[in-house]
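Reading through the structure tokens given below for one structure.
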Amino acid sequence: MQRIGVFVCHCGTNIAATVDVKAVAEALSHEPGVVISQDYQYMCSESGQNLVKDAIKEHKLTGVVVCSCSPRMHENTFRKAAASVGLNPYLVEIANIREQCSWIHKDIATATDKAVILGKAAVAKVHLNAPLTAGESPVAKRALVIGGGIAGIQTALDIAEAGFDVDIVEKKSTIGGKMAQIDKTFPTLDCAACILTPKMVEASQNEHITIHSFSEVSEVKGFVGNFTVTIKKKARYVDEVKCTGCGACVEKCPMKKVPNEFNEGLDNRHAVYIPFAQAVPKVATIDPNYCMMLKNGKCGICSKVCTAGAIDYKQQDRFIEQKYGAIIVATGFNPINLDKYDEFAYNQCPDVVTSLELERLMNAAGPNGGTLLRPSDKTHPHTIVFVQCVGSRCDDEKGKPYCSKICCMYTAKHAMLIREKYPDTEVYVFYIDVRTPGKNFDEFYRRAVEQYNVHYIKGMVGKVTPKSDGKIDVQASDLLSNEQLHINADMVVLAAAIEPDKTARPLATMLTTQMDTNDFFTEAHPKLRPVESATAGIFLSGACQGPKDIPETVAQASAAAAKAIGLLVKNSITCNPCVAHSDELLCNGCSSCEKVCPYGAITYQDKEFRMPDRTTAIRRVASVNPAVCQGCGACTVACPSGAMDLNGFSNSQIMAEVDAICK
Amino acid sequence: MQVNDNNFQPVIVAFCCNWCSYAGADLSGTNRLNYPTNVKIIRVPCSCRVNPMFILRAFQKGADGVIICGCHPGDCHYTSGNYYTRRRITLLYSMLDFLGIERNRTRLEWVSAAEGAKFAATMQQFTEDVRKLGPNRRLEDLRCRKQ
Amino acid sequence: MQETMIKRAKELLADGTVSRVIGWKKGEFAYDTTPAVFETAEELDRDFAFDDFTAANVSKYLVKESRKEGKILAFLKPCDTYSFNQLIKEHRVIRENVYIIGIPGGPKLDAEKIKAKGITGILGIKNENYTLKIETLYGTETMPFYEAICGKCESCKSKKHVIYDELIGEDGDILDSNRFDTVEKLENMTAQERFDFWREQLSKCIRCNACRNVCPACTCEKCVFDNPKSGIENKAASDSFEENLFHIIRAFHVAGRCTDCGECSRVCPQNIPLHLLNRKFIKDINELYGEYQAGADTVSRSPITDYTPDDCEPSVVHERGVE
Amino acid sequence: MNKNLKEQVLRSSGVNVLKCMRCGKCSGTCPSYDEMEYHPHQFVYMVEKGDIDTLMNSNSVYKCLTCFACVERCPRGVEPAKVVEAVRLAAVRQQGSNHLSPVQIPDMLDEDLPQQAIVTAFRKYAK
């Protein structure tokens, strides 16, 4: 006979204000098998848990139902409490009467009715719960970091520091990411390269870190502790081991008209290239779209000048397979495409640039050697207009609904650097709001206004019109003085919204992690588990999770590393016991289940059975590997005979819930 | 049979996958987005766990509408579960339609963990659709009819 | 034909290739030829029959027979070979233990259709140039051959054998069949009309389980309807819901596996057009996920255990036909 | 604040003024800006406050060209031009005293009158 305890939580007033908790406890006390039904102010508190524990001991409970918040919040809390007094944790069920009842309903009578029904469903289910024991599966002591920007580098360094092997997969030919393109960093105005490149070198020299540059993740199989990842090393037509990075090939390459993506297309590079002087690995890459040798077999100069013999026109994409215990996603961001913003004339006028392009224009290693010149005629700009929130905080399909977070600060930085270097330049910043939460951030912005006399104007630019004299007419409203302005500018800088890298979406599919509608990775909990994805063993580092500046990115990168290390130090992890199992007596061996299993957890054996007519027969039957099964239940429906069932969500349990709800 | 009975309170069973839609339902709770009390949620690990048997069982026992919610195609926590759901449920719904069961009594909806508002709106709409249809008579078990 | 088959069967028994033969034997009446297993030449000579009434599909018997000692010879009509292939795919028969001789298919006759003409006391039936000469206790009657053929043969999908070890007679082709016409007609009715149609049909069901027992796809070790743990165990329908439930689940369980052999409707004592439910699934699968013929081969994946990322949504149901 | 008038403007414009984030891009883009006493962003804001009488009595209502640049460029999809139009309509509707009755109209038509003007006249003066 079942002895079930029901515990109804008030959650302060979160539940009790809309659900008559006493009535719920009273109603559930009459359900079959229920021997005790209580309510309490905070069930998840220590004294609340003690109430549950004491009841389990005192009434020798065989099942527990807690009517409280979502099982995603506290299922584990109550399972642990039950386990601590000897009740199998899987004999605990949660009825979600907060998120799915008290918080969405207003009428006490109907909300209480619903809470009672939800409670009854949980009681009906717990009647059929079976004690489950979790198995264990080993952890591969190696981590994979996807993305080699500052986030990926920091995560890899921290994991390597703890003594674990880490692989970095970077799709570009060098690690460094966006930070390598940036000139100075806010709010300290120190040089980005000076703080980034030592970290890049450190990563390349660390014995625990392997860098796969010019590579992509092409397949991910397995699960936490036991991922098998296929990495595609794209053909760069240069032998990475032999290449010394001397640059002779680059110097001699006759194909010089290739847009230089590292400088945001503001100048050209050669068909064979090393993106920048401090690239890691410092290895040349041949661009097959432009290399004449690869396109039509005529040239071959680089191969002749390479004393190391590193050029290999016949190189093919290579695939390597590796096992990992943890995967950290650090795929970063990109500025959005501004083609649709006709009003800002980005496509019509070379002197209208994005902020990232301005970084390159001002960078000592950039196209102008650090002197700020207009891209169109290489003259000094005397009036520069910055436009904020281009594509950020937009409610239409052109832009992004979120605040890109970093623009206010980098624009203040740009404005300040320009006023510092070229005091004769007038700088206007059109803003909607200036958002500067962060240590020393508002002080930084105030310095731009007070010390550098940057003209901050509240209002948005409505139209940018390039004029025949080379100047640019910027038409904007000044909301505070209530007038419309026309500024005769030399350059316009657009603070383009940032968006997650395009490779993130297919990657999320491969990793079976979730993304929000903007393609940012979703964290397991927005407050309490910000660097983990909901998929066990997958961690999030940097701007792939949401817009972030460098200090935040580095902080999150280290946090993700800490979480990954926490996983890697374990020799084995406890498996989810809610896995499928096959009733061999019912199994037909038809292979339907095997076909739908995403993890390859099902195999078949020929087994000898004693049949009801006392003969023996050899039958093909399915068996599930509990360490590989993740418990989705696809097989249970594919099985025609009902031989497959799922622990914790069995056919009979779900039907009992259905019955209780429909009754 | 009174079809336009405004006092009719349909029984709606919602199967929600643990990773996306159940979390989406929680989010609509967190955001205090109201939807009718008629909707009662059953948590399943994945939408592909929903056996057509469960749907028929719900109708048998007195449900007036059954909705299944899962991760958006491509976002399944288990990679491919919702793709199987989509085929199975399409075929089942088509069969129910073939047998003359009202189309609006069944629904499959993709709701991500971020779509609390969509969850609430979907439930509101679905409840309204079922309310318009009136009590389930074509696929009910008379022995289970509430007095 | 019958003589050729018996002769060949005897040869194979004699040279030890097979130890048993599955075919058909004459029953009490001229029209109740039923599947049977023969072990000796004498049995073959005495009972083996192959005539216009051998419509029964013997594939399903091979689930058990192929697991017995020794090899068995099976005579398979084209439609039966699809069922057999499907059973190979599901590992339900052991291919190596079956020697298959492909024999020509129907059209086969349905005695019920003759009786429906008011012809009773049947003693013997002869097909003379597509006119049936029927000997009865009350004299000789005639009727056109095509008015008496099985429902399943009226919309034959294929005369081609998809698997065999040898053939007797010529192999045929896959036919352009009209088998979805009735399904389409129903689809174009209103929901109320469809509901009324199926209520009328399914309410006739007496739950004899003949459709399930004859179905070559229904080979579960234990059927969910017989399993008390399944939650839908049910021996007799006591409510309209259970009539519906049985037939929906039956059709759903064989969806993507049903070869459309038509046996379910052929054996139904209540003449419920059960094959229409199966054909609805087949038609949907063909239209939504691409042409698929279960049993056409032994390797392809059933559409219901497969997917593409661009599959249609269930809302497609709303876009088709009438509500 | 005139609540009914606000309701009427919101309903006839179909605009949700609460979506405005006060960036002023509408006014930044407006070609009639200098002609107007109240500018597009002020229209949105004042409608939100319910201060519609002020707008109705201002010439700004008739200075808007309905060029829809503000609608096109508003990052929040607020559609200020529709608000202006709705206020204009509210003003027109209040001039109840100079309505025409349909029977009066045929006499006033002459052959050179553009179609557009007839339609506009109906819209403006007919009840």
Side-chain angles (χ1 to χ4, degrees), chain B residues 1 47-48 50-63 66-68 70 72-76 79-110 129 133 136-145, chain C residues 183 186-187 189-199 201-202 224 230-232 238-242 244-249 251-253 255-256 276-281 283-285 287-289 302-323:
Chain B
M1 187 170 83
S47 59
C48 72
V50 179
N51 197 312
M53 234 156 64
F54 303 159
I55 299 167
L56 297 172
R57 174 82 160 209
F59 284 126
Q60 175 184 22
K61 299 291 177 178
V66 176
I67 181 165
I68 299 165
H72 284 266
D75 293 346
C76 176
T79 326
S80 51
N82 52 2
Y83 288 128
Y84 295 120
T85 310
R86 184 159 62 176
R87 281 206 171 182
R88 289 168 186 160
I89 298 303
T90 303
L91 290 175
L92 179 77
Y93 286 0
S94 179
M95 177 53 77
L96 293 179
D97 176 51
F98 190 62
L99 293 176
I101 313 304
E102 302 92 334
R103 290 168 180 176
N104 284 343
R105 288 206 191 279
T106 50
R107 191 155 163 189
L108 175 69
E109 200 64 52
W110 310 123
D129 290 348
L133 288 175
N136 163 37
R137 291 286 177 254
R138 293 184 181 173
L139 204 55
E140 73 166 345
D141 193 327
L142 283 173
R143 296 165 299 174
C144 301
R145 186 185 282 196
Chain C
V183 177
L186 278 163
E187 283 172 348
M189 292 179 177
T190 65
Q192 184 66 51
E193 285 168 344
R194 279 198 298 272
F195 179 73
D196 294 341
F197 172 84
W198 282 111
R199 267 323 314 139
Q201 293 297 335
L202 298 181
V224 285
S230 73
I232 52 168
S238 45
D239 185 86
S240 66
F241 174 83
E242 284 177 341
N244 287 335
L245 173 83
F246 175 77
H247 291 287
I248 297 171
I249 294 285
F252 194 84
H253 272 195
L276 293 178
L277 295 175
N278 299 334
R279 279 191 187 158
K280 169 64 179 167
F281 276 130
K283 184 167 179 281
D284 276 348
I285 286 171
E287 285 172 2
L288 303 175
Y289 310 124
S302 153
I304 208 159
T305 58
D306 203 359
Y307 67 87
T308 66
D310 315 314
D311 282 342
C312 61
E313 298 288 331
S315 54
V316 73
V317 175
H318 292 255
E319 290 150 23
R320 300 178 316 159
V322 236
E323 163 91 59

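Proximity of a side-chain donor or acceptor of B:R107 to a complementary backbone N or O of B:V66 within less than 3.5 Å is not detected. Within the 3.5 Å criterion, the main-chain N or O of C:T305 finds no donor-acceptor partner in the side chain of B:R87.
For B:L92, the parts lying under 4.5 angstrom from a heavy atom of chain C are both the backbone and the side chain. At a 4.5 Å heavy-atom cutoff, the contact between C:D306 and chain B is made by backbone and side-chain atoms alike. Proximity to chain B (any heavy atom under 4.5 Å) is shown, for C:D311, by both the backbone and the side chain. With a 4.5 angstrom heavy-atom cutoff, C:T308 touches chain B via backbone and side-chain atoms both. For chain B, no part of C:Q201 is nearby; none of its heavy atoms comes within less than 4.5 Å. Contacts between C:L288 and chain B at a heavy-atom distance below 4.5 Å involve the side chain alone, from C-beta outward. Contacts between C:V224 and chain B at a heavy-atom distance below 4.5 Å are absent for every atom of the residue. Residue contact with chain C, scored on non-hydrogen atoms closer than 4.5 Å, involves the backbone and the side chain of B:Q60 alike.
Residues satisfying the ring-ring contact (aromatic ring centres under 6.0 Å, His included) criterion with B:Y93, sequence neighbours excluded, are absent altogether. Take B:K61 and apply the side-chain hydrogen bond (donor to acceptor under 3.5 Å, both in side chains) test, not counting sequence neighbours, and it matches no residue.
Ranked by heavy-atom pairs shorter than 4.5 Å toward chain B, the options C:N244, C:L277, C:I304 are led by C:L277. Taking chain C as the reference chain and counting heavy-atom pairs below 4.5 Å, the highest number among B:L99, B:L96, B:L139, B:L108 is found for B:L99.
With rounding to the nearest 0.5 angstrom, the CZ atom of B:F98 is 13.0 Å from the CG atom of B:L91. Residue B:I89 holds its CD1 atom at 15.0 Å from OH of B:Y84, rounded to the nearest 0.5 Å.
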Apply side-chain hydrogen bond (donor to acceptor under 3.5 Å, both in side chains) to the pair B:S94 and B:D97, showing each step before the final yes or no.
CA-CA 5 Å; B:S94 179; B:D97 176 51; 5.6 Å; no

